[in-house]
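Here the structure comes first, spelled out in structure tokens, and everything after it is commentary.
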Amino acid sequence: MAAEEDWALTQSASQVQRNLERLLPAQVDQKVSELVQYLLVKDQKKIPIKRADILKNVIKDYKGVYSEIIKRAGRTLQQVFGLQVMEIDAKHHIYILVSNLPRLEGENLKQDDCTAKLGLLMVILSFLFMKGNAAKESAVWEMLRRLRVDPGVRHEVFGDVKKLVTEEFVRQKYLEYNRIPHTDPPEFEFQWGARAAKETSKMQILRFVAKVPACWEGWRGELKEGEGSDLGGA
Amino acid sequence: MAEDAGSGGGDSLQGRDSGRSRRRPPVPSTSRNGAVPEHQQRGLAGGQGRQRPPEPANEGGGGEEEESEEEPGQGTERAEPDGDHADRRMLRHQYRELINRVQQNREDMLSSNSNSLTDALQEANTLFSGVSQAREAALDAQFLVLASNLGKEKANELHSEMTVFDLPAFAEDLLTFMGLNRLEGEENDSDDESIASGFLPNDAWHKLGAEAERYFRRSPSFHYMLGSFKVDPPVPRQRIERQKRKAGTEEKRAMPAQLKKMEESHQEATEKEVERILGLLQTYFKEDPNMPISFFDFVIDPSSFARTVENIFHVSFIIRDGFARIKLDQDKLPVIEPSHEEEGRENDQNAQVRNQAVISLSHQDWKDIVETFEITEPMIPAPGVSQENES
């Protein structure tokens with residue numbers, strides 16, 4: 001199966017074109033639509049999407065024109081939704097969706113658990129950045145304890161924080177959680193994950209950190225308008 | 001990497017090389033039998049840079065030999081290949097102790113203030129001069145790996161210290177941003193003074209997250225607005241209809257009584273109930289047109305939880321079809337009132353905004369409501385009762 005898959009995928013552009021000609025346009029369009037919907041739904045949990053899954057669940061017999069289908073799906077996502085399909089692992093072919101639209105003021109109307117989790121993630125990413133891109137797990141928890149987040153205590157908002165940070169964020173590729181060699185009992189360190197690298201940047205983190213010292217009360221109303229438009233967007 | 005400070009260190013480095021290549025001639029073991037033992041000769045001949053296993057040397061009966069010739073003056077010389085078992089055991093013990101100590105005091109080793117890592121390396125160097133066999137050399141190698149990892153970490157920490165990062169201030173600032181209310185905080189009776197006192201609001205992390213979102217290019221999660229579409233429900237209905245039809249035609253003449261019972265299928269019973277309740281509601285309103293009825297007063301049956309739930313279910317049909325409305329009054333309690341006749345059914349389907357609500361009512365809730373609202377009689381009498389009345 002793997003060998004057959006590889007053969008189909010390594011076809012040259014002209015071969016793909018020829019395969020394309022053998023199919024009805026409607027058939028191909030159907031597959032493109034299916035792929036668009038598949039990607040959108042798979043993206044809900046923010047777990048990166050594997051090419052193998054795409055081939056198995058959507059493309060199926062159309063492997064010979066895979067490159068064309070994914071290209072068109074990417075175009076649709078960009079033009080209709082403003083989303084970009086990015087490959088975060090060129091070796092294992094894993095994709096994520098990233099927004100290409102500039103952020104608007106007042107866009108954050110829906111605040112749910114995802115929002116809160118992103119706040120926590122942001123804190124961790126900033127900390128990692130300040131510590132030179134990697135930090136020991138113990139240092140991260142020490143920092144979070146100051147913010148009343150303790151891995152041993154069930155958190156009101158986050159629940160099992162340790163699981164959230166070491167499993168969910170890692171699966172979503174926001175963070176990397178690696179074992180430090182030669183430590184016994186084993187110790188781990190955190191680093192930025194591939195998704196974090198694509199969805200934000202060191203520059204953006206710096207801007208966030210610069211913004212945090214809140215010298216005002218009632219921050220909601222007074223969020224500096226001028227600064228806001230400057231910081232919006234990638 | 002290994003910091004060999006001092007002359008002793010330099011020599012022992014040389015000693016290491018010789019240990020591996022065996023280029024240096026061993027000290028003649030005159031104390032034994034005057035002649036250089038045969039196995040030593042073999043060792044000499046063999047080893048240009050090759051790691052000859054010391055086992056052959058050992059087999060020569062190292063244990064039986066007298067104590068090895070470790071002349072203190074020439075501490076940099078390699079020890080006798082057939083060093084005493086006890087000495088070697090001692091050496092291994094010392095190595096293990098050193099390794100353990102380094103692991104236990106990891107933090108101290110990493111601290112930029114302390115030289116303990118350097119000291120440990122020196123110690124290992126000294127120990128190494130006594131090494132001649134693979135077993136001890138392996139321990140030495142283990143220590144080397146540990147020390148070099150620590151060295152790397154220490155170097156990393158040097159780098160990050162250049163960006164002066166004040167963790168407490170960072171944490172304080174974040175808490176402030178999240179809306180920490182320091183004034184109303186309880187006294188901080190925990191031992192850890194690093195945790196600020198104060199009351200953190202429930203939406204603290206949401207606030208932070210909302211700000212953080214602006215710095216991420218996260219794609220919004222895609223969800224179908226009306227949920228997923230399931231194909232199952234229509235099928236059972238068809239089956240029931242077919243059964244009814246069949247039964248009806250076959251048994252029409254023979255048993256009319258049974259036919260009547262057949263008609264009371266689930267679907268029709270529901271419709272009948274809904275109509276009955278609607279009728280009741282409209283009757284109540286004819287009596288008092290301007291006063292909406294409290295929802296709870298209307299649906300609750302103080303004697304039966306099950307019937308209360310059924311009533312709510314039937315009322316929901318009335319609301320769905322637009323014959324009545326549920327609103328919240330000034331006290332935020334739900335009230336029900338019929339819709340006017342002009343707002344007919346068709347209009348409702350097109351023009352009115354459809355809202356959905358989920359009402360949950362536990363057994364305890366029901367009991368509490370009965371008590372609070374002092375409901376003694378159900379406004380919707382049970383179906384059996386009303387039928388008797390009607391007929």
Side-chain angles (χ1 to χ4, degrees), chain A residues 40-41 43-46 81 83-84 96-101 103 107-108 111-112 114-123 126-127 130-132 134 142-143 145-148 156-158 180-184 198-201 204-205 207-209 211-214 219-220 223 228 231-232 234, chain B residues 99 103 106-107 110 142 145-150 152-153 156-180 190 192 194-196 198 200 202-224 228:
Chain A
L40 285 170
V41 173
D43 183 60
Q44 283 171 358
K45 296 240 171 64
K46 297 293 169 215
F81 297 96
L83 298 176
Q84 190 178 343
I96 57 168
L97 293 185
V98 160
S99 168
N100 257 350
L101 298 173
R103 293 214 75 104
E107 201 179 292
N108 316 325
Q111 288 191 10
D112 56 4
C114 281
T115 319
K117 285 180 189 172
L118 195 65
L120 179 65
L121 178 69
M122 182 53 124
V123 168
S126 317
F127 181 71
M130 298 302 220
K131 291 294 239 176
E142 189 197 310
M143 186 261 312
R145 268 193 207 97
R146 289 166 185 267
L147 302 173
R148 306 178 182 199
E156 290 188 329
V157 178
F158 301 121
I180 304 178
H182 307 291
T183 50
D184 186 34
K198 291 274 192 266
E199 284 191 10
T200 184
S201 68
Q204 292 289 78
I205 300 290
R207 285 179 167 153
F208 169 76
V209 172
K211 229 171 175 224
V212 164
W219 70 278
R220 241 184 273 261
L223 209 48
L231 290 167
Chain B
I99 289 172
Q103 279 179 329
R106 204 188 156 83
E107 292 305 313
L110 289 176
Q142 192 181 337
V145 170
L146 179 62
S148 56
N149 273 324
L150 282 173
K152 174 184 142 199
E153 264 194 67
N156 276 343
E157 294 209 353
L158 266 182
H159 165 258
S160 61
E161 273 180 26
M162 293 203 294
T163 63
V164 180
F165 176 51
D166 188 352
L167 177 60
F170 182 57
E172 285 290 314
D173 290 340
L174 278 173
L175 286 169
T176 309
F177 188 87
M178 291 198 271
L180 178 76
S190 72
D192 196 346
S194 65
I195 299 184
L200 200 64
N202 285 345
D203 65 344
W205 286 101
H206 296 82
K207 258 193 222 171
L208 193 65
E211 178 62 25
E213 271 183 357
R214 307 174 57 200
Y215 305 92
F216 274 84
R217 292 169 59 189
R218 198 152 76 153
S219 57
S221 289
F222 174 85
H223 294 282
Y224 288 100
S228 66

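Throughout, a chain's letter reflects where its sequence line sits, starting with A, and its residues are numbered from 1. We use all heavy atoms of the structure for the numbers below, so side chains are in, but hydrogens, waters and symmetry mates are not.
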Item to check | Top of A/Ile96, A/Ile205, A/Asp112, A/Ile180 for chain B proximity - count of heavy-atom pairs under 4.5 angstrom | outcome: A/Asp112

Item to check | Flag side-chain contact, heavy atom, 4.5 Å: A/Leu40 against B/Ser221 | outcome: no

Next on the checklist: With rounding to the nearest 0.5 angstrom, report the OG to CD distance, B/Ser219 to A/Glu199.
Outcome noted: 6.5 Å

Next on the checklist: Does any backbone or side-chain atom of A/Val157 lie under 4.5 Å from a heavy atom of chain B? Answer side chain, backbone, both or neither.
Outcome noted: side chain

Checklist outcome for this item: Rounding to 0.5 Å, atoms OG1 (A/Thr115) and CH2 (B/Trp205) come to a distance of 13.5 Å

Next on the checklist: Please find the pair of heavy atoms, one from A/Val123 and one from B/Leu208, that lie closest to each other, and give the distance.
Outcome noted: CG2-CD2, 3.5 Å

Next on the checklist: Give me the atom names and distance for the closest heavy-atom approach of A/Lys198 to B/Arg217.
Outcome noted: O-NH1, 3.9 Å

Checklist entry - Considering all heavy atoms of both residues, which atom of A/Ser99 and which atom of B/Arg218 are nearest to each other, and what is their separation? => result CB-O, 3.6 Å

Item to check | Rounded distance (nearest 0.5 Å) linking atom CG of B/Leu200 with atom CD of A/Glu156 | outcome: 8.5 Å

Checklist entry - Between CD of B/Glu213 and OG1 of A/Thr200, what distance do you get to the nearest 0.5 Å? => result 12.5 Å

Checklist entry - Can you tell me how far the OH atom of B/Tyr215 sits from the CZ atom of A/Arg207, to the nearest 0.5 Å? => result 8.5 Å

Item to check | Which atom of A/Arg103 lies closest to which atom of B/Phe216, heavy atoms considered | outcome: NH1-O, 3.2 Å

Checklist entry - With a 4.5 Å heavy-atom cut-off, do B/Met178 and A/Arg148 have their side chains touching? => result no

Next on the checklist: With rounding to the nearest 0.5 angstrom, report the CE to CG distance, A/Met122 to B/Leu174.
Outcome noted: 10.5 Å

Checklist entry - Tell me, side chain or backbone of A/Leu147 under 4.5 Å from chain B's heavy atoms, or both, or neither? => result both

Next on the checklist: Which heavy atom of B/Ala212 sits nearest to which heavy atom of A/Gly119, and what is that distance?
Outcome noted: CB-CA, 4.4 Å

Item to check | Closest-packed option against chain B by number of heavy-atom pairs under 4.5 Å, given A/Pro181, A/Ala134, A/Ala116 | outcome: A/Ala116

